[in-house]
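Here is the structure we will look at, set down as structure tokens.
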Amino acid sequence: MIAGVNTIPLKTFADDRGYFREIARFADTPLQHCAQLSATMSYPGVIKAFHYHEQQDDLWYCAYGMVLAVLYDRRTSSPTYKETQTVPLGDLSPQVLFIPHGVVHGYKVLGHQPALVVYSTTHVYDTNDELRLPFDDPEINFDWSTKPR
């Protein structure tokens, strides 16, 4: 695990009508202040990567479909500097993912259906605080291909 990154398993209460799932009680998560709530839908196979923020923390929840979140620690003062972490999120892995500022992040949509990622942030969107890297950044050197198992 990358220092400061947290995954929080979610409880689902299902019955014959469907289910109820509480996504976040912000006082119980590292993201105790929410300035913006957003959603993004991506098609199967799409890779949205990489970027990071110098000020903003994120809390991600995949409400529909499946994504593989990829994190890379570029914080030079971190004990996990230059480490990579992957986290599956979505229908088959109901959890939220806390991403602290300075940690590079992105995701790939898995499977054959679109994915809907809902995320909360500690700051309102600021183009100056979204620092982008290519999905194939040579320093991160992440292999996005799906491996046969």
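Just so it is clear, the values below take in all heavy atoms, side chains as well, and ignore hydrogens, waters and symmetry mates.
Note that CZ of R74 and CG of L133 are 6.5 Å apart. Values are rounded to the nearest 0.5 Å. Annotation: the span from Q56 atom CD to D58 atom CG amounts to 4.5 Å, rounded to 0.5 Å.
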I8 and Q95: CA distance, side-chain angles, deciding distance, side chain to side chain contact (heavy atoms under 4.5 Å, CB included) verdict: CA-CA 5 Å; I8 303 163; Q95 58 186 335; 5.8 Å; no
Side chain to side chain contact (heavy atoms under 4.5 Å, CB included) between K108 and V67, intermediate numbers included: CA-CA 5 Å; K108 178 181 180 179; V67 300; over 6 Å; no
Pair N141-E139, side-chain hydrogen bond (donor to acceptor under 3.5 Å, both in side chains): steps then yes or no: CA-CA 5 Å; N141 194 31; E139 180 181 331; over 6 Å; no
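A search for ring pair (Phe, Tyr, Trp, His ring centres under 6.0 Å) contacts involving Y52 returns nothing, not counting sequence neighbours. Residues forming a side-chain hydrogen bond (donor to acceptor under 3.5 Å, both in side chains) with E130 (at least two apart in sequence, or on another chain): R132. Applying the ring pair (Phe, Tyr, Trp, His ring centres under 6.0 Å) test to F142 and every residue at least two apart in sequence or in another chain returns W144.
Linking ILVMFWY residues whenever their side-chain heavy atoms come closer than 4.5 Å, directly or via other members, leaves Y43 and L68 in distinct clusters. The cluster map of Ile, Leu, Val, Met, Phe, Trp and Tyr, joined by side-chain heavy atoms under 4.5 Å apart, puts F135 and L131 in the same cluster.
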Result block: side-chain N/O donor-acceptor pairs under 3.5 angstrom for residues 82-92, not counting sequence neighbours:
unit_1 : atom_1 : unit_2 : atom_2 : d
Q85    : OE1    : I2     : N      : 2.7
D91    : OD2    : G65    : N      : 3.2
D91    : OD2    : Q113   : NE2    : 3.2

Kindly list each side-chain donor-acceptor pair under 3.5 angstrom involving residues 18-25, sequence neighbours excluded, with atom names and distances?
unit_1 : atom_1 : unit_2 : atom_2 : d
R21    : NE     : T12    : OG1    : 2.7
R21    : NH1    : Y61    : OH     : 3.0
R21    : NH2    : T12    : OG1    : 2.8
E22    : OE1    : R25    : NE     : 2.6
E22    : OE2    : R25    : NE     : 3.4
E22    : OE2    : R25    : NH2    : 3.3

Indicate every side-chain donor-acceptor pair of residues 114-122 with a distance under 3.5 Å to a residue at least two apart or in another chain.
unit_1 : atom_1 : unit_2 : atom_2 : d
T121   : OG1    : H123   : O      : 2.8
T122   : OG1    : D57    : N      : 2.9

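Using a 4.5 Å heavy-atom threshold, the side chains of F50 and I140 count as touching. S42 places a side-chain heavy atom less than 4.5 Å from the side chain of Y107. With contacts defined as side-chain heavy-atom distances shorter than 4.5 Å, the pair L97/L71 qualifies. Counting heavy atoms from C-beta outward, W60 and C62 have side chains that stay 4.5 Å or more apart.
At least one donor-acceptor pair closer than 3.5 Å links the side chain of D129 to the backbone N or O of E54. Formation of a donor-acceptor pair under 3.5 Å by the R75 side chain with backbone atoms of A3 is found in this model.
Taking the six-membered ring for Trp and thresholds of 30 and 60 degrees, H53 and H105 have ring planes inclined between 30 and 60 degrees apart.
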